[in-house]
Amino acid sequence: MWKWLHPYAKTERLYQLSSTLLPWFSIAALLLLISGCVWGLMFAPADYQQGDAARIMYIHVPSAILSMSTYAAMAIAALIGIVWQIRTADMAVAAIAPTGAMVTFVALFTGAAWGKPMWGTWWVWDARLTSELILLFMYLGVIALYNAFEDKQQAGRAAGILALVGVINLPIIHYSVEWWNTLHQGASITKLSKPSIDPAMLWPLLINLLGFACLIASLSLAALKNEIIRREKHRPWVQQLVSDI
């Protein structure tokens with residue numbers, strides 16, 4: 001693993017990789033989200049029980065799933081930073097956290113908008129909703145802790161430890177609908193053997209899921225580039241890069 005990571009422990013190499021990948025993820029996100037949203041919101045059939053109100057799932061479900069996946073990616077970066085002492089991994093944690101917080105907020109907001117017509121209220125202290133709210137607080141905690149230290153090496157370690165502690169919340173979010181009696185419906189597309197959703201609705205949902213993943217990747221890469229520039233502004237290659245802009 002170290003041999004694979006070693007080249008990208010250098011900030012210049014990681015910056016170059018981020019610059020290379022960013023336009024590809026950005027274009028993919030744009031194309032996938034446009035096609036997925038148009039298909040889902042305009043051409044996919046309405047839900048037989050919830051009607052057109054269920055169309056919000058094309059935003060809510062991908063953001064909810066990827067809010068957890070993004071946190072897992074941040075925790076992996078934190079683990080690499082702590083175990084292998086790689087500074088660029090700490091930078092990745094700082095870059096991923098704001099994007100993850102945004103996606104989690106979108107999941108909570110769209111979930112509340114979907115819950116109002118279905119449950120008659122914007123919010124209930126349901127196990128799934130509450131654990132998802134805790135996930136947002138964990139993201140915000142990582143961001144706040146990273147920015148609380150002047151020494152960014154200490155900041156990265158502290159934020160990384162908090163990110164790893166928060167991993168325990170991920171299985172709670174995922175299995176909350178099975179462990180407790182909740183208002184939130186159970187899994188639909190994550191039941192890989194037999195998803196309980198019509199294929200005409202499943203495909204645009206999967207396209208949006210991939211589109212959201214590309215959007216998260218592009219935003220995180222852009223944030224990572226900015227973090228590298230801030231942290232390495234004294235380096236000759238950064239000074240040359242800034243002077244060329």
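Side-chain contact between T11 and R231: absent, with no pair of heavy atoms (C-beta onward) separated by less than 4.5 Å. For the pair M102 and L219, the minimum side-chain heavy-atom distance is below 4.5 Å. The closest side-chain heavy-atom distance from R157 to Q85 is below 4.5 Å.
Listed by chain and residue number, nothing satisfies the side-chain hydrogen bond (donor to acceptor under 3.5 Å, both in side chains) test with S35 (two or more places apart in sequence, or in another chain). For E12, the side-chain contact (heavy atoms from CB on, under 4.5 Å) criterion is met by Q16, W237, not counting sequence neighbours. Shown here are the salt bridge (charged side-chain N to carboxylate O under 4.0 Å, His left out) partners of E232, two or more places apart in sequence or in another chain: R87, R235. The ring-ring contact (aromatic ring centres under 6.0 Å, His included) test applied to W122 returns no partner, not counting sequence neighbours. With sequence neighbours left out, R230 forms a side-chain contact (heavy atoms from CB on, under 4.5 Å) with N226, E227. Residues forming a side-chain contact (heavy atoms from CB on, under 4.5 Å) with V106 (at least two apart in sequence, or on another chain): I59, S63, T110. For D151, there are no salt bridge (charged side-chain N to carboxylate O under 4.0 Å, His left out) partners at least two apart in sequence or on another chain. A search for side-chain contact (heavy atoms from CB on, under 4.5 Å) contacts involving A144 returns nothing, not counting sequence neighbours.
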Quiz: residues 208-215 side-chain donor-acceptor pairs under 3.5 angstrom, not counting sequence neighbours:
from	atom 1	to	atom 2	distance (Å)
N208	OD1	C37	N	3.4
N208	ND2	Y58	O	2.9

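The shortest heavy-atom contact between P117 and A113 is CD-O, 3.0 Å. When all heavy atoms are compared, the tightest approach of M57 to M201 is CE-CE, 3.3 Å. Between S176 and A127, the closest heavy-atom pair is CB-CB, 3.9 Å. Between P204 and A44, the shortest heavy-atom contact is CG-CB, 4.4 Å. In terms of heavy-atom proximity, A54 sits nearest to D47 at CB-CB, 3.6 Å. Here the closest non-hydrogen pair linking A46 and D52 is CB-OD1, 3.4 Å.
A donor-acceptor distance shorter than 3.5 angstrom exists from the side chain of K152 to the backbone of Y146, with no hydrogens or angles considered. Put simply, the side chain of S243 gets close to the backbone of Q240: a donor and an acceptor are under 3.5 Å apart.
L22 contributes atom CG, which lies 11.0 Å from atom CG of L17 (distance to the nearest 0.5 angstrom). The CD atom of E132 sits 8.5 Å away from the CG atom of N169 when rounded to the nearest 0.5 Å. To the nearest 0.5 Å, the span separating OG on S18 from CG on L221 amounts to 5.0 Å. Put simply, CG on D198 and CG on L205 are 12.0 Å apart, with the number rounded to the nearest 0.5 Å. Taking CZ from R13 and CD1 from I228, the interatomic distance works out to 12.5 Å, rounded to the nearest 0.5 Å. Distance check, rounded to the nearest 0.5 Å: CG of L133 to CG of L108 gives 6.0 Å.
Hydrophobic cluster membership of L135, counting Ile, Leu, Val, Met, Phe, Trp and Tyr whose side-chain heavy atoms lie under 4.5 Å apart directly or via other members: M68, Y71, M74, V93, I96, I134, M138, Y139, V142, L145, F149, L162, V167, L170, I173. In the hydrophobic clustering, I27 connects to L31, either directly or through intervening members, whenever side-chain heavy atoms lie under 4.5 Å apart.
Sorted pairs that involve residues 19-45 and meet ring-ring contact (aromatic ring centres under 6.0 Å, His included), not counting sequence neighbours, are lacking altogether.
Ring geometry for F105 against F109 counts as parallel: the plane angle stays under 30°, on a 0 to 90° scale with 60° as the upper cut.
If you chain together hydrophobic residues whose side chains sit under 4.5 Å apart, L129 and I168 never meet in one group.
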